[in-house]
Amino acid sequence: MMYRLSTTFLRTLRDDPADAEVPSHRLLVRAGYIRRAAPGGYTWLPLGWAVYRRVEEIVREEMNAIGAQEVHFPAMLPREPYEATNRWTEYGDNLFRLKDRRGVDYLLGPTHEEMFTLLVKDLYSSYKDLPVSLYQIQTKYRDEARPRAGLLRGREFSMKDSYSFDLDQDGLEKSYQAHRGAYIKIFDRLGLPYVIVSAMAGAMGGSLSEEFLAECEVGEDTFVRCSKCDYAANTEAVKSNINAVDTGQYPAAATIDTPDSPTIDALVDFLNKHHNDKAPKGGWTAAHTLKNVVVNVAHPDGTKSPLVIGVPGDREVDLKRVEAQLSPLEIEPFTEEDFAKHPKLVRGYIGAEILGTDSESGIRYVLDPRVANGTSWVTGANEFGKHRINVVAGRDFTPDQLVDAVEVHAGDPCPECGKDLRIDRGIEIGHVFQLGKKYAEALDLKVLDQNGKTQVVTMGSYGIGVSRVVAAIAEATHDEIGLCWPRNIAPADVHVVTTGKNGDDLFLAAEKFATELESRGLTVIFDDRNGVSPGVKFKDAELLGMPVIAVIGKKFDSGHIEVRERKSGIQHEVPIEDAINTVVSISKGH
RNA sequence: CGGGGAGUGGCGCAGCUUGGUAGCGCGCCUGCUUUGGGAGCAGGAGGCCGGGGGUUCAAGUCCCCCCUCCCCGACCA
């Protein structure tokens with residue numbers, strides 16, 4: 001296969017496109033791999049599509065290797081299955097909906113759990129049919145509030161989604177591990193550095209769940225990683241491992257006047273000025289205070305109730321993290337009107353002692369594990385301008401539940417080994433999780449087991465964002481001057497540049513060289529454009545990012561061809577008679 | 001959905017404050033020259049100035065409404 005640039009449908013841009021910010025977006029547009037066609041929708045041009053297909057093929061090969069079978073659903077789906085699982089409403093505005101000429105509802109599939117479940121239900125009914133894993137590579141649609149960063153977050157994108165169907169948890173475990181293993185092979189082959197982190201199954205209603213993240217500054221996911229052991233988790237899924245403190249000999253709790261101290265900062269100032277005698281060693285700090293944040297929780301039945309979250313005063317509450325743990329409850333802001341309805345909650349002075357389902361207020365109270373049993377706190381007195389000191393967890397108040405609620409910080413202890421955690425950002429490129437029986441139950445997917453009894457099938461769900469992976473690889477591998485594709489997914493193996501003009505000896509030698517490379521099984525880009533200056537050809541070759549650039553130019557007179565490795569910049573001057581073998585051996589991995 | 005920025009030939013931008021009938025660079029076309037790091041000269045083509053309404057003798061420029069894009073936040077496998 002040879003691309004002759006004189007006729008390839010390609011136009012590179014000298015300037016960065018104004019609407020692109022992140023490197024992958026900027027370079028993929030500038031190098032002529034993609035064009036924006038719609039908000040959050042991109043056209044793949046020939047070279048871009050070549051990359052896309054190579055990624056797809058690697059995914060396909062590894063899925064087939066674990067025995068998964070490829071199918072293909074429509075992108076436009078009926079409403080009913082999504083009604084049955086409640087996702088027609090749960091998905092909310094993120095679902096693209098449309099009606100046919102008779103006014104019947106359809107949707108553009110954001111993901112296909114329902115359809116796969118129904119397909120298996122349609123054809124299988126015995127335990128003997130299981131296990132089975134099916135997958136597709138499909139265009140998915142999500143009406144993202146804010147598409148951004150080119151291919152990284154579009155409203156139309158390509159995803160490989162697979163689903164495993166097993167009779168029991170043991171089977172699911174095996175299917176899950178098979179997919180996990182396949183994903184490791186896929187991302188290894190793609191040449192993409194990645195981290196596997198534990199994640200919350202959250203809204204999808206499963207249990208074990210892990211994400212594959214490509215480490216990347218512009219990534220949208222934040223994850224922690226231990227500096228010592230190999231613990232890694234999405235920030236939402238980090239578990240604290242705080243040990244309870246032995247109950248100390250704290251004096252009885254007492255009320256103090258704290259005028260004008262509705263905020264933690266003001267309170268700490270006031271304590272240091274007026275209650276220095278009672279201060280712990282080193283004086284009062286925010287870490288000695290217990291901050292109580294009120295939110296509303298929305299229950300699946302549509303009702304709302306207040307919830308108070310208690311965290312140390314020097315920490316912020318991470319609502320996403322709380323929400324993930326309380327799922328399917330959703331967190332909403334607590335408004336002025338809500339305060340009016342709950343007069344026991346005194347804004348700025350909410351105290352722990354009246355909180356908890358079994359306490360005076362009856363309001364549900366969850367605590368971050370940092371507020372451990374036996375620790376002593378300064379907290380609100382539930383009265384304007386007053387606080388309570390020496391309020392001891394477990395003695396003076398009891399939470400309904402411990403929930404990891406604080407924003408995770410770099411330097412927090414690792415739950416596995418206690419060493420410092422680091423925080424980094426990544427792009428979610430793959431996700432494996434054990435769905436369990438949620439969809440099978442909702443859609444009544446059952447088989448008969450060995451004893452002739454019906455069993456609900458248990459499922460796993462596994463996704464790879466194929467189009468996103470292309471961008472993630474561009475992010476991970478580019479440099480200042482352009483793209484820099486790993487050998488396995490580059491649209492061509494070698495980019496042949498000549499400074500010769502159409503028809504002259506140099507040009508003919510270059511053409512012969514390119515043709516020979518092609519006949520040796522390489523995919524070749526041959527810059528045969530006429531009247532384009534060498535400078536432009538070199539810049540374009542670097543921008544396009546093939547792993548090897550071969551130059552037939554001034555060194556040709558002395559019998560040499562220049563062979564450059566794009567990534568390392570290493571340049572070899574190779575005698576003409578050896579050049580083909582040199583390029584082939586570099587392209588095949590030395 | 002909230003905050004900020006921006007929409008002007010294919011691309012990147014100026015013009016808007018102070019209204020007077022659209023300009024620069026790149027790219028594109030023709031010719032000549034040039035050919036190892038985004039060439040030179042000459043001559044061209046190409047624009048309902050995001051859309052709609054208004055003010056005015058006159059609107060890219062002023063006013064109102066809408067749409068779109070980018071960034072931050074919210075949301076989101």
Side-chain angles (χ1 to χ4, degrees), chain A residues 11-22 25-26 29-30 32 35-41 87 90-95 109-113 138 140-150 152-155 157-163 199-206 209-213 218 220-221 234 236 319-320 323-324 327 330-333 427-433 435 461-466 468 481-482 497-502 504 506-507 527 529-543 549 551-557 560 562 564 571:
Chain A
R11 190 106 317 162
T12 58
L13 304 177
R14 182 190 294 238
D15 300 307
D16 283 334
D19 61 353
E21 193 78 10
V22 303
H25 186 197
R26 220 176 57 221
V29 172
R30 196 149 91 80
R35 298 292 298 173
R36 197 186 81 93
R87 291 212 296 182
E90 257 177 26
Y91 236 100
D93 289 339
N94 265 2
L95 194 62
T111 170
H112 283 68
E113 280 79 2
Q138 243 294 3
K140 306 288 185 179
Y141 297 86
R142 293 184 195 171
D143 190 355
E144 296 285 350
R146 175 148 90 92
R148 70 186 115 178
L152 286 178
R153 175 167 296 272
R155 298 206 292 176
F157 58 95
S158 167
M159 179 160 104
K160 187 288 298 178
D161 52 329
S162 38
Y163 305 86
M200 296 298 296
M204 301 300 286
S209 168
E210 291 167 287
E211 287 172 358
F212 289 70
L213 300 180
V218 302
E220 293 182 298
D221 285 83
N234 193 301
E236 286 171 27
L319 291 177
K320 274 169 102 170
E323 193 166 38
S327 173
E330 286 177 21
I331 290 180
E332 293 177 3
I427 300 165
E428 185 180 357
I429 47 176
H431 197 158
V432 289
F433 63 102
L435 268 183
S461 162
Y462 319 91
I464 290 181
V466 180
R468 180 183 275 184
I481 55 176
V497 170
T498 178
T499 56
K501 278 170 290 194
N502 201 358
D504 71 11
L506 256 191
F507 182 92
D527 194 345
R529 292 176 297 177
N530 225 351
V532 173
S533 70
V536 174
K537 290 184 175 180
F538 293 139
K539 293 285 187 201
D540 275 349
E542 283 146 1
L543 177 62
I549 299 170
V551 181
I552 290 86
K554 66 183 176 195
K555 301 282 166 49
F556 195 75
D557 292 342
H560 293 84
E562 291 156 74
R564 304 180 190 173
Q571 182 162 331

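Proteins get letters first, then strands, A, B, ... in listed order; numbering begins at 1 in each.
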Using the [atom1] atoms only, state how far [M] lies from [N], rounded to an integer number of Å.
N	M	atom1	result
B:C71	B:U35	P	44 Å
B:G3	B:G54	P	29 Å
B:A14	B:C49	C1'	13 Å
B:U56	B:G47	C1'	25 Å
B:C26	B:U17	P	29 Å
B:G15	B:A22	C1'	8 Å
B:A59	B:G50	P	15 Å
B:G73	B:G25	C1'	37 Å

Looking at [Y], is its backbone amide N or carbonyl O close enough to the side chain of [X] to form a donor-acceptor pair, meaning the two atoms are under 3.5 Å apart?
X	Y	result
A:Thr498	A:Ile552	yes
A:Arg155	A:Asp143	no
A:Tyr141	A:Asn94	no
A:Arg468	A:Glu428	yes

Quiz item: Salt-bridged, A:Glu144 to A:Arg153, with N to O below 4.0 Å?
Solution: yes
Self-check item: A:Asp540 with A:Arg529: basic N within carboxylate O range, under 4.0 Å
Solution: yes
Quiz item: Could you write nucleotides 29-39 of chain B as a row of B, S and -, 5' to 3', where a protein heavy atom under 4.0 Å of any base atom gives B, of only sugar-phosphate atoms gives S, and otherwise -?
Solution: ------BBBBS
Self-check item: Contact state string [nucleotides 2-7 of chain B, B base, S sugar-phosphate only, - no protein heavy atom under 4.0 Å]
Solution: ------
[X] versus [Y]: any side-chain heavy-atom pair under 4.5 Å?
X	Y	result
A:Arg87	A:Thr111	yes
A:Phe433	A:Glu211	no
A:Lys140	A:Ser158	no

Take the protein atom [atom1] of [X] and the nucleotide atom [atom2] of [N], then report the distance between them rounded to whole Å.
X	N	atom1	atom2	result
A:Arg26	B:G12	CZ	C1'	14 Å
A:Glu144	B:C1	CD	C1'	14 Å
A:Arg155	B:A77	CZ	P	17 Å
A:Asp15	B:G25	CG	C1'	9 Å
A:Arg148	B:C1	CZ	P	16 Å
A:Asn94	B:A77	CG	C1'	10 Å
A:Asp16	B:C70	CG	P	15 Å

[options]: which one has an atom nearest the side-chain heavy atoms of [X]?
X	options	value
A:Asp19	B:A77, B:C69, B:G12	B:C69
A:Glu21	B:G12, B:C69, B:C70	B:C70
A:Met159	B:C76, B:A77, B:C69	B:A77

For [N], the Watson-Crick or wobble counterpart (both distances under 3.5 Å):
N	value
B:G31	B:C41
B:C11	B:G25
B:U18	none
B:C1	B:G73

Self-check item: Criterion side chain to side chain contact (heavy atoms under 4.5 Å, CB included) on A:Thr12 and A:Arg30, from CA distance to verdict
Solution: CA-CA 5 Å; A:Thr12 58; A:Arg30 196 149 91 80; 6.0 Å; no
Self-check item: Nearest-nucleotide 5' precedence on RNA chain B, A:Glu428 against A:Pro17
Solution: A:Pro17
Quiz item: With sugar-phosphate meaning primed atoms plus P, OP1 and OP2, does A:Arg36 contact a base, only sugar-phosphate, or nothing at under 4.0 Å between heavy atoms?
Solution: sugar-phosphate
Exercise. Indicate, yes or no, whether a donor-acceptor pair under 3.5 Å links the base of B:C11 to the side chain of A:Arg11.
Key: no
Exercise. Determine, step by step, whether A:Phe507 and A:Thr499 satisfy the side chain to side chain contact (heavy atoms under 4.5 Å, CB included) criterion, reporting the C-alpha distance in whole Å, the side-chain angles of both residues, the deciding distance to 0.1 Å, and the verdict.
Key: CA-CA 7 Å; A:Phe507 182 92; A:Thr499 56; over 6 Å; no
